[in-house]
Amino acid sequence: MSSPARPVRVRIAPSPTGDPHVGTAYMALFNHVFARQQGGQFILRIEDTDQTRARADSEQMIFDALRWLGLSWDEGPDIGGPYGPYRQSERKAIYREHVGRLVAGGHAYRCFCTAERLAEVRAEQQARKASVLGYDRHCRGLDRADAERRAAAGEAHTVRLAMPLTGTIRVDDRLRGAVDFDVAQIDDQVLLKSDGMPTYHLANVVDDHLMEITHVIRAEEWISSTPKHVALYQAFGWEPPAWHHLPLLRNADRSKISKRKNPVSINYYRDVGILPQALVNFLGLMGWSFGDDREKFTVDEMVAAFAWDKVSLGGPVFDLDKLTWLNEKYLHELSHDQLVDALHAWRFSRAYLLKLAPLVRERIKRLDELVPLTEYFFSGDLDYTPVLADLAVPDVPPAGVAQGLLAYLDKVEARDGWDAAMLEEVGRAWATELGWKTKHAFMVLRLVVAARKASPPVFDVMAVLGKEVTRRRLRQAADLLARRA
RNA sequence: GGCCCCAUAGUCUAGCGGUUAGGACGUCGGCCUCUCACGCCGAAAACAAGGGUUCAAGUCCCUUUGGGGUCACCA
């Protein structure tokens, strides 16, 4: 922004820790639109520095979901580019070298504090209701040569940023104006973890600089860590990008959108038959408008009309009803041919029927029984009213059943992949743990996913139904049971 | 709790000192119609509160209230 000749380069940096998130799509849309309008580049960078949370199939799902939405990128791990690698786990040497520079310059220091000590410090601060929580800078005063010796000897440690001790740091947010932070509020952030991986803060600053990112367009939740990033830019002697913090998508209760309260996986919307152009359009309506009454528009139209001053900062509630209305508009616009294509891409494909075939083959006496038998595979939310009485486990109150269902969900989500064997393995362990007979436990699951007492093996049903729809049904049923209690 | 952000109907939003505060979703009513849906017409529904500034405040400033975010070897 400071030198107008510099081409606009923006990025999104999702971490592959689960399902492709609508928040990722939301940020991708605004980055993509701005880059295209400015004739710049949009970069996709994978922030996979947390090995404990990384999920094997997650990265590919992010690519697929964004492609499905039509939000293309110019550089990324899958297509390469002149600023690669675009996967942070492949850039460890770069971060290490930069941290070395910081330490040498006195802008960072090695910290040998154990997780236990940090927990104690935190507990102590909470106990005395300290106004400012955070690291107590215990290792900041360590003799430098001594610290280097300990590190060289292999002693486990992290590297922390030595924040300025007095003064304020100004974040010039392009959407809100200047935001000042008192450095007394900010502790010495870990830059390099003891496993040698960088934290987000370090990796993000180093990569944004090296990749020549000009505008950081990200969610509002980052705004309070931005002063740390600004301090890092200062420590490196680099010029920070232009900051744009967009509002957070919200649940109906206005908290930050979360899977506990709202479907957040892009795959969910795909699986219940939302068209990609409707989802993208809807996301464009969240926090942005043409300035007139236009609500239905394409990405191209948004690119043509985009302006930062048309962004509103109140956190928008993600309203499924309005998304559905928009989807209806797009659906009605399709030709018969296109409708059939959409249905085919959704569930009426040979591939999907092939998944259904083994489940129904022995259960139908005539072909005309297929549809009534498999209706719940082609439905979104189910109506549990007819089976409400059966949706129970002997001697367990409804609230307990609800909790049990959510517990199953948690266990299953902690695992990679989605197949019947895994689902059953988790299911058996879960039933044992709760002390529920498998017969009862599995019947409840069956009623949740199929809303009927007769179905193919429940874990096969869940496998074909997919994670998103299964998750939603478990939550809906749990909510229903919790409300009855 | 500290710090930071935000504030027009239940929801998404227009408004950028002078408007009967506009549009959309949802809700309700009606029309159309063999049914349903679509479509069309209509209704109820908002400037969080209090102080300023100004001839004039939804619009500018302050305070309060409310909501949110953040305070990890997660991003």
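Within every chain, numbering begins at 1; the chains are lettered A, B, ... in the order of the sequence lines, protein sequences first and strands thereafter. When reading the values below, keep in mind they use all heavy atoms of this one structure, side chains included, and skip hydrogens, waters and symmetry mates.
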Pairwise side-chain contact, A/Leu44 with A/Glu75, heavy-atom cut-off 4.5 Å (strictly under): no
Span that lies between the P atom of B/U59 and that of B/A21, in whole angstrom: 14 Å
Sugar-phosphate only, base, or nothing, as touched by A/Ser15 at under 4.0 Å among non-hydrogen atoms: sugar-phosphate
A/Phe236: ring pair (Phe, Tyr, Trp, His ring centres under 6.0 Å) partners, not counting sequence neighbours: A/His98, A/Trp238
B/U27 versus B/C12 - spacing of their C1' atoms, nearest Å: 16 Å
Side chain proximity check, A/Val317 to A/Asn251, heavy atoms < 4.5 angstrom: no
Mate of B/C34 where both pairing distances stay under 3.5 Å, Watson-Crick or G-U: none
Sugar-phosphate only, base, or nothing, as touched by A/Ser255 at under 4.0 Å among non-hydrogen atoms: sugar-phosphate
Proximity to RNA chain B (any heavy atom under 4.0 Å), residues of residues 281-303 of chain A only: A/Leu285, A/Met286, A/Gly287, A/Ser289, A/Gly291, A/Asp293, A/Glu295
B/A72 to B/C16 separation - C1' atoms, rounded to the nearest Å: 41 Å
A/Tyr135 vs A/Cys111 side-chain heavy atoms within contact, under 4.5 Å: yes
Nucleotide paired to B/C16 in any strand shown, Watson-Crick or G-U, under 3.5 Å: none
Donor-acceptor pair between A/Trp73 and A/Asp78 side chains, under 3.5 angstrom: yes
Criterion side-chain contact (heavy atoms from CB on, under 4.5 Å) against A/Asp50, the qualifying member of A/Lys193, A/Gln88, A/Met197: A/Lys193
Pairwise P distance for B/A9 and B/A56, with rounding to whole Å: 26 Å
Residue list, salt bridge (Lys or Arg N to Asp or Glu O under 4.0 Å) with A/Lys322, at least two apart or on another chain: A/Glu295
Contact list for RNA chain B against residues 321-340 of chain A - heavy-atom distance below 4.0 Å: A/Asp321, A/Lys322, A/Trp325, A/Glu328, A/Lys329, A/His332
Sugar-phosphate only, base, or nothing, as touched by A/Lys256 at under 4.0 Å among non-hydrogen atoms: sugar-phosphate
Within residues 47-74 of chain A, residues whose heavy atoms come under 4.0 Å of RNA chain B: A/Glu47, A/Thr49, A/Asp50, A/Arg53
Ring pair (Phe, Tyr, Trp, His ring centres under 6.0 Å) partners for A/Tyr200, two or more places apart: A/Trp222, A/His229
Within-4.5 Å side-chain heavy-atom neighbours: A/Val132 and A/Gln125: no
Complementary nucleotide of B/C28, counting Watson-Crick and G-U pairs under 3.5 Å: B/G42
Row check, A/Tyr376 ring normal vs A/Arg473 NZ/CZ: under 6.0 Å, within 45°: no
Side-chain donor-acceptor pair present, A/Ser335, A/Asp337, cut-off under 3.5 Å: no
Axial cation check for A/Phe112 ring with A/Arg150, 6.0 Å and 45° limits: yes
A/Glu155/A/Arg149 salt bridge by N-O under 4.0 Å criterion: no
Along RNA chain B, first and last positions that approach a heavy atom of chain A under 4.0 Å: B/G1 to B/A75
G-U wobble or Watson-Crick pairing nucleotide for B/C71 (cut-off 3.5 Å, both distances): B/G1
P gap between B/G68 and B/U53, integer Å: 34 Å
Side chain to side chain, A/Val412 and A/Val426, heavy atoms closer than 4.5 Å: yes
Selection residues 275-290 of chain A - residue pairs positive for side-chain hydrogen bond (donor to acceptor under 3.5 Å, both in side chains), sequence neighbours left out: A/Asn281-A/Tyr330
C1' atoms of B/A75 and B/C38, separation to the nearest Å: 45 Å
Contact residues, residues 89-122 of chain A to RNA chain B [heavy atom, < 4.0 Å]: A/Cys113, A/Leu118, A/Arg122
Side chains of A/Lys228 and A/Asp187 in contact at under 4.5 Å (non-hydrogen atoms): yes
B/G30 and B/A37, which share atom name P, separated by this distance in whole Å: 13 Å
Ring pair (Phe, Tyr, Trp, His ring centres under 6.0 Å) partners of A/His244, counting only residues at least two apart: A/His215, A/Trp308
Set of side-chain hydrogen bond (donor to acceptor under 3.5 Å, both in side chains) partners for A/Glu328, sequence neighbours left out: none
Mate of B/U65 where both pairing distances stay under 3.5 Å, Watson-Crick or G-U: B/A7
Sorted by number, the residues of residues 21-33 of chain A with heavy-atom contact under 4.0 Å to RNA chain B: none
Nucleotide forming a Watson-Crick or wobble pair with B/A56, both distances under 3.5 Å: none
Parallel, tilted or perpendicular, as decided by the 30° and 60° cut-offs, for the rings of A/His245 and A/Trp243: parallel
